[in-house]
Asker: 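Please read through the structure below; I'll follow up with questions.
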Amino acid sequence: VAVHLSPDAPAVDILADIDATANDEALRLATNIAFTESCFIDGLPAPDAYTLSVVANADNNVVALQFPFAATVDGAATAIVSGFLSSGIPAITALPLAVDPRSVVTEARLRLTHASPSTADVDIYLLADGTDLNDMSVTPSFAAVPFGADTGVLSIGAGTYDVYVT
């Protein structure tokens, strides 16, 4: 899965190049992904090492970002592309997130990632449904989470929860 969260980047294509060859294969993985959109990428031949390129949809010669990716047999991954392309800090970057596709019948899995490049550190609250966020005894489940960081994969028991980011 790939997610486009770079607010000043145009719609993008995602290309892959096999590192072990001298040729530039430019395998097209996704096309015309706009800001806030995500896409599912069908499997890459594995095992193999790739360079993934995030390029402008209108002109694939305009490369916004390149990063390495190691495809594994039965592997899965999510990459969030965020940050600023033309100006600003942080610069455009890939936020890779490992994925464990195994399901567990007795729990849900949740991962929260701070991917807003123009937002300072955030506090994340994972609260039982109906908990008053303004109650003085309520503290963040994750405090001062910086841009690019995430909670890791959380195992959540059955129930209804409220998630707040402040």
Side-chain angles (χ1 to χ4, degrees), residues 1-119 121-122 124 126 141-142 144-156 163 165:
V1 174
V3 184
H4 179 341
L5 293 178
S6 179
D8 66 341
V12 299
D13 296 347
I14 302 172
L15 310 176
D17 179 48
I18 302 170
D19 291 345
T21 69
N23 299 331
D24 182 2
E25 293 86 6
L27 304 171
R28 191 165 302 281
L29 303 180
T31 303
N32 203 27
I33 308 304
F35 175 60
T36 73
E37 291 183 343
S38 64
C39 64
F40 179 79
I41 296 173
D42 289 328
L44 287 168
D48 221 332
Y50 295 87
T51 296
L52 299 185
S53 297
V54 178
V55 299
N57 173 259
D59 179 358
N60 283 183
N61 292 315
V62 177
V63 178
L65 177 68
Q66 289 185 311
F67 58 96
F69 178 75
T72 59
V73 175
D74 295 328
T78 295
I80 298 172
V81 175
S82 189
F84 295 104
L85 174 64
S86 57
S87 63
I89 296 175
I92 193 167
T93 188
L95 306 174
L97 304 171
V99 175
D100 180 359
R102 294 176 297 149
S103 62
V104 178
V105 175
T106 58
E107 63 188 36
R109 293 196 187 147
L110 175 69
R111 170 184 259 152
L112 302 168
T113 303
H114 180 350
S116 175
S118 57
T119 304
D121 293 358
V122 297
I124 300 174
L126 177 61
S141 305
F142 301 90
V145 177
F147 170 76
D150 69 80
T151 61
V153 178
L154 307 174
S155 295
I156 308 297
V163 176
V165 179

Asker: Just so I know, are the side chains of L44 and L29 near enough to count as touching, which here means a heavy-atom distance under 4.5 Å?
Answerer: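 Side-chain contact under 4.5 Å: yes.
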Asker: Identify the two heavy atoms, one from I41 and one from A2, that lie closest to each other, and give their separation to 0.1 Å.
Answerer: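 So the two residues come closest at CD1-CB, 4.1 Å.
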Asker: Side chains of P47 and T72: does their closest heavy-atom pair fall under 4.5 Å?
Answerer: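 A side-chain contact is absent here, since even the closest heavy-atom pair is not under 4.5 Å.
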Asker: Which residues pass the side chain to side chain donor-acceptor pair (under 3.5 Å) test with N60, not counting sequence neighbours?
Answerer: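 Only D13, R28 meet the side chain to side chain donor-acceptor pair (under 3.5 Å) criterion with N60.
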Asker: Taking the side chain as every heavy atom from C-beta outward, state whether V12 and N57 have any pair of such atoms under 4.5 Å apart.
Answerer: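 With C-beta onward as the side chain, the pair stays apart.
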Asker: Please list all pairs meeting side-chain hydrogen bond (donor to acceptor under 3.5 Å, both in side chains) that have one or both residues in residues 38-53, counting only residues at least two apart or in different chains.
Answerer: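 Sorted pair list: D19-T51, S53-Q66.
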Asker: Determine the sole option in V99, L154, V104, I156 for which the side-chain contact (heavy atoms from CB on, under 4.5 Å) test with R109 is passed.
Answerer: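 For R109, the side-chain contact (heavy atoms from CB on, under 4.5 Å) check succeeds only for V104.
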Asker: What are the two closest heavy atoms between H114 and L95, and how far apart are they?
Answerer: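 Shortest heavy-atom contact: O-CD1, 4.4 Å.
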Asker: Do you know the tightest heavy-atom contact between F84 and P117?
Answerer: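 So the minimum-distance heavy-atom pair works out to CE1-CB, 3.6 Å.
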Asker: Could you give the distance from CG (L5) to OG1 (T113), rounded to the nearest 0.5 Å?
Answerer: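 Rounded to the nearest 0.5 Å, the CG-OG1 separation comes to 9.5 Å.
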Asker: Do you know which two heavy atoms are closest between S155 and E107, and how far apart they sit?
Answerer: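 The pair with the smallest heavy-atom distance is OG-OE2, 2.9 Å.
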Asker: Looking at every non-hydrogen atom in both residues, tell me the closest pair between T151 and L110 and how far apart they are.
Answerer: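 Shortest heavy-atom separation between T151 and L110 comes out as OG1-O, 4.3 Å.
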Asker: Do the non-hydrogen side-chain atoms of F142 and V122 ever get within less than 4.5 Å of each other?
Answerer: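 In short, these two side chains do not touch, never coming nearer than 4.5 Å.
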Asker: Keeping the roles fixed (side chain from S6, backbone from I92), state whether a donor-acceptor pair exists under 3.5 Å.
Answerer: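 No; zero donor-acceptor contacts below 3.5 Å.
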Asker: CG of L27 to CG of L15: how many Å apart, nearest 0.5 Å?
Answerer: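 Between atom CG of L27 and atom CG of L15 there are 8.5 Å.
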Asker: Do the non-hydrogen side-chain atoms of R111 and V153 ever get within less than 4.5 Å of each other?
Answerer: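 Yes, side chains in contact.
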Asker: Could you pull out the closest heavy-atom pair between P10 and L85, with the gap in Å?
Answerer: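 Here P10 and L85 meet closest at CD-CD2, 3.8 Å.
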Asker: Using the side-chain hydrogen bond (donor to acceptor under 3.5 Å, both in side chains) rule, collect all pairs that involve residues 73-96, keeping only residues at least two apart or in two chains.
Answerer: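 Only D8-S86 qualify under side-chain hydrogen bond (donor to acceptor under 3.5 Å, both in side chains).
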